[in-house]
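To find a chain, count down the sequence lines: A is the first, B the second, and so on, and within it residues start at 1.
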Amino acid sequence: MTEIIAAEPQDENKIIAERRAKLAALRETGVAFPNDFERKHFAGDLHAQYAEASKEMLEAEQVNVQFAGRMMLKRVMGKASFATLQDMSGRLQIYVSNDHVGEENHQAFKHWDLGDIVAASGVLFRTKTNELTVQVHSVRLLSKSLRPLPEKFHGLTDQEQKYRQRYVDLMTNDDARKVFMTRSKIIQTIRQFMMGHDFLEVETPMMHPIPGGAAAKPFVTHHNALDMDMFLRIAPELYLKRLVVGGFEKVFEINRNFRNEGLSTRHNPEFTMMEFYEAYRDYRYLMDFTESLLRETARVATGGEQVSYNGEIIDLGKPFDRLTIVQAVRKYNPEYSEAQLSDRDWLISWFESNKGKYRATDGLGGLQLSFFEETTETKLIQPTFIIDYPAEVSPLARRSDSHPEITERFELFMVGRELANGFSELNDPEDQAERFMEQVRQKEAGDEEAMHYDADYIRALEYGLPPTGGCGIGIDRLVMLLTDSASIRDVILFPQMRAE
RNA sequence: GGGUCGGUAGCUCAGUCGGUAGAGCAGCGGACUUUUAAUCCGUUUGUCGCGGGUUCGAAUCCCGCCCGACCCA
């Protein structure tokens, strides 16, 4: 064993000092952090397996168990004690008495602290109040906890501390644990759904020489050996379409994107997206597919197709509404006429008098989209596809054959938020090259979020991309919806925070 | 970036009119062999977010800053 060198203690207090003294005493008597305990049972499994077992049955069977967990509650009496241990699956009570472990061991146990990791071996029984409990024959302290747990009844409530010290949130707050277990279930369900439809799961670069695939500001880093700046990806789109060119005709990726933007209850600088692409499909098929994917995910992860969010019932079971931008504005704001919405001058004067955000250089389509964002987006509570986005804001989407100024694109909205974005892919390399050039012109004109010209992507398209549909789904926002969470920080284990 | 609310013991919180701070939990000591947030008795613990200012005196009033939550852009 190497010498123990204690680091400079941080925010030390009397309670921590007491516990350090207990740990020092443990070191004197032997191995302070033993790792020779064999865990054979989980609390949750035992509760499930012996839910029906009566007092008498347990007494007759003499079920031996070995389990371990964090001590969350402790009730010490003179010659016997109860404690509650918590493992990954749940909680189970143990009963420690002079009769079964000896007075010396029980005496030691009395000085163990809430938060300590404890191993217990013994026999299952039921108490007077019928609670399944382990009558302990051997009890060991496996890991001394030096820091006191939050107050045992209220748990940790300080939002900042919940985010900064998620490990404390998870050990004391059942709801927090459930959210992240549901998140795992959601991602598992999506993956199985995609596999079930013969999609190939792939991993494309997180570090890009040219940031592409979305309109966003990237994070910059530097590769020393190559002496080149690199960008954390803002989207995997251009790489996934290269794979479709290569012949992987159905691909998907579930992974992180990074966008150098502000923080909010809906934005974290790194967030998880599922993007998928399928050759020989268009945006109408993608809407059907996305709809059934989300329906299935809700059903498996939450047990139903109707989910409660912020006091409202969101129905993923019935067909999602599909509206053009103008149709959606008129459905939710009937006071605006078709004629007004097709009138550039009227729209601009509306933005001016309502201090709405718009870009003066935009055409009618772009202005209509800005108007939609100002007046309608937050009213789209039930799942709604908005379709036919203007080409000027959709540089990677295929134009409509009948209306080349719009694209075959949709965005899916729920609870007033964008959840997904998909389109028939632009596979005409010459049109794509021209659209990149237009993006470059906008970047030169000062639009920081405009795209770069990606010459290799054009080269890939020149080999021939089959007609393809592709879609991205914001996983964090989906988890928020399905776990009724108000903030994206509640569904990300370690959300971005300012430095302490 | 703007607005609202908040930051007091390890945790959850109270703190009146400006008079140098309290409760519960946790901890420590004691009683208790079926407890359930165990109970009962005793007891320890503070950079009142930070820095200025007003005042004989500031957790409290004023100004600035930091951190967080929520809302808005």
Say you pick atom C1' in G30(B) and the same atom in C50(B); how far apart are they, in whole Å? 43 Å

Using whole Å, what does the distance between atom C1' of nucleotide C25(B) and atom CE of Met71(A) come to? 15 Å

Side chain to side chain donor-acceptor pair (under 3.5 Å) between His106(A) and Ser97(A), intermediate numbers included: CA-CA 6 Å; His106(A) 182 227; Ser97(A) 71; over 6 Å; no

Would you classify Lys22(A) as touching base, sugar-phosphate or nothing, given that sugar-phosphate means primed atoms plus P, OP1 and OP2, and contacts are heavy atoms under 4.0 Å? sugar-phosphate

With rounding to whole Å, what would you report as the distance between C13(B) and C70(B) at their P atoms? 16 Å

Reckon Ser487(A) touches a base, only the sugar-phosphate, or nothing at all at heavy-atom distances under 4.0 Å? sugar-phosphate

Send over the distance from Lys152(A) NZ to C25(B) C1', rounded to a whole Å. 6 Å

Is the phosphate of C71(B) approached by Thr265(A) (side-chain N or O, under 4.0 Å from OP1 or OP2)? yes

Glu374(A) and Tyr358(A): side-chain donor and acceptor closer than 3.5 Å? no

If I pick the C1' atom on C11(B) and the same atom on A37(B), what distance separates them, to the nearest angstrom? 14 Å

Any Lys79(A) side-chain N or O less than 4.0 Å from OP1/OP2 of U33(B): yes

Whether Trp350(A) and Phe371(A) hold their rings parallel, tilted or perpendicular, with breakpoints at 30° and 60°: perpendicular

C11(B) OP1/OP2 closer than 4.0 Å to side-chain N/O of Arg147(A): no

When the ring centroid of Trp346(A) is compared with that of Tyr336(A), is the distance short of 6.0 Å? yes

Taking 4.0 Å as the cut-off, does a side-chain nitrogen or oxygen of Thr157(A) come that near to OP1 or OP2 on C13(B)? yes

Please check if any side-chain donor atom of Asp113(A) sits under 3.5 Å from a side-chain acceptor atom of Ser145(A), or the reverse. no

Could you work out which one of A38(B), A26(B), C28(B) sits closest to the side chain of Glu18(A)? C28(B)

Confirm from the modelled atom types if Asp99(A) and U33(B) form a donor-acceptor pair under 3.5 Å, side chain to base only. yes

Side-chain-base donor-acceptor pair under 3.5 Å for Tyr95(A) and U35(B): no

Under 3.5 Å for both distances, Watson-Crick or G-U wobble, that's the pair rule; now give the dot-bracket for RNA chain B, with | marking pairs to another strand and [ ] for crossing ones. (((((((..((((.....[..)))).(((((.......))))).....(((((..]....)))))))))))).

Between C66(B) and Arg498(A), is there an OP1 or OP2 to side-chain N/O distance shorter than 4.0 Å? no

Atom CD of Glu160(A) and atom C1' of C11(B) are separated, to the nearest Å, by 15 Å

Considering only the P atoms, how many Å lie between A38(B) and G51(B), rounded to the nearest integer? 39 Å

What interatomic distance, in whole Å, is found between C1' of U45(B) and the corresponding atom of G2(B)? 41 Å

Side-chain-base donor-acceptor pair under 3.5 Å for Glu131(A) and U34(B): no

Side chain of Met77(A): nearest nucleotide among A26(B), U33(B), U12(B)? U33(B)

Given atom CD of Gln86(A) and atom C1' of A37(B), what is their separation to the nearest angstrom? 15 Å

Using atom C1' in both nucleotides, what's the gap between C66(B) and G52(B) to the nearest angstrom? 14 Å

Is Gly155(A) touching bases, backbone alone, or none of the nucleic acid, heavy atoms closer than 4.0 Å? sugar-phosphate

Quick one: is G29(B) close enough that its OP1 or OP2 comes under 4.0 Å of any side-chain N or O from His111(A)? yes

Going by distance alone, is a donor N or O of one side chain under 3.5 Å from an acceptor N or O of the other, for Lys40(A) and Asn64(A)? no

Measure CZ/Phe82(A) against C1'/C32(B) and give the value in whole Å, please. 13 Å

Which residue, Leu156(A) or Arg19(A), contacts RNA chain B at a nucleotide closer to its 5' end, judged by nearest heavy atom? Leu156(A)

Are side-chain N/O atoms of Asp315(A) and Gln306(A) paired as donor and acceptor at under 3.5 Å? yes

Cation-pi between Arg166(A) and Phe494(A): NZ/CZ under 6.0 Å from ring centre and within 45° of the ring axis? no

Taking O4'-C1'-N9-C4 for purines and O4'-C1'-N1-C2 for pyrimidines, is U20(B) syn (within 90° of 0) or anti? syn

Looking at every strand, decide which applies to Arg164(A) at a 4.0 Å heavy-atom threshold: base, sugar-phosphate, or nothing. sugar-phosphate

Distance below 4.0 Å between Arg75(A) side-chain N/O and U35(B) OP1 or OP2: no

Are Phe423(A) and Cys471(A) side-chain neighbours, meaning at least one heavy-atom pair lies under 4.5 Å? no

From NZ of Lys14(A) across to P of A26(B) the rounded distance in Å is 16 Å

First encountered from the 5' end of RNA chain B, between Gln159(A) and Arg266(A): Gln159(A)

Per atom distances to the Thr133(A) side chain, the nearest of A38(B), U33(B), U35(B) is U35(B)

Closest to side chain of Glu151(A), choosing from G27(B), U35(B), C11(B): C11(B)

In whole angstroms, the gap separating C1' of A73(B) from CD of Glu261(A) amounts to 15 Å

Rounded to the nearest 0.5 Å, how far apart are CD1 of Ile190(A) and CD1 of Ile473(A)? 6.0 Å

Write down the distance between CD1 (Ile15(A)) and C1' (G10(B)), rounded to a whole number of angstrom. 4 Å

Determine the Euclidean distance between corresponding C1' atoms of G68(B) and G49(B); express it in Å to zero decimal places. 11 Å

Say you pick atom C1' in A14(B) and the same atom in A73(B); how far apart are they, in whole Å? 37 Å

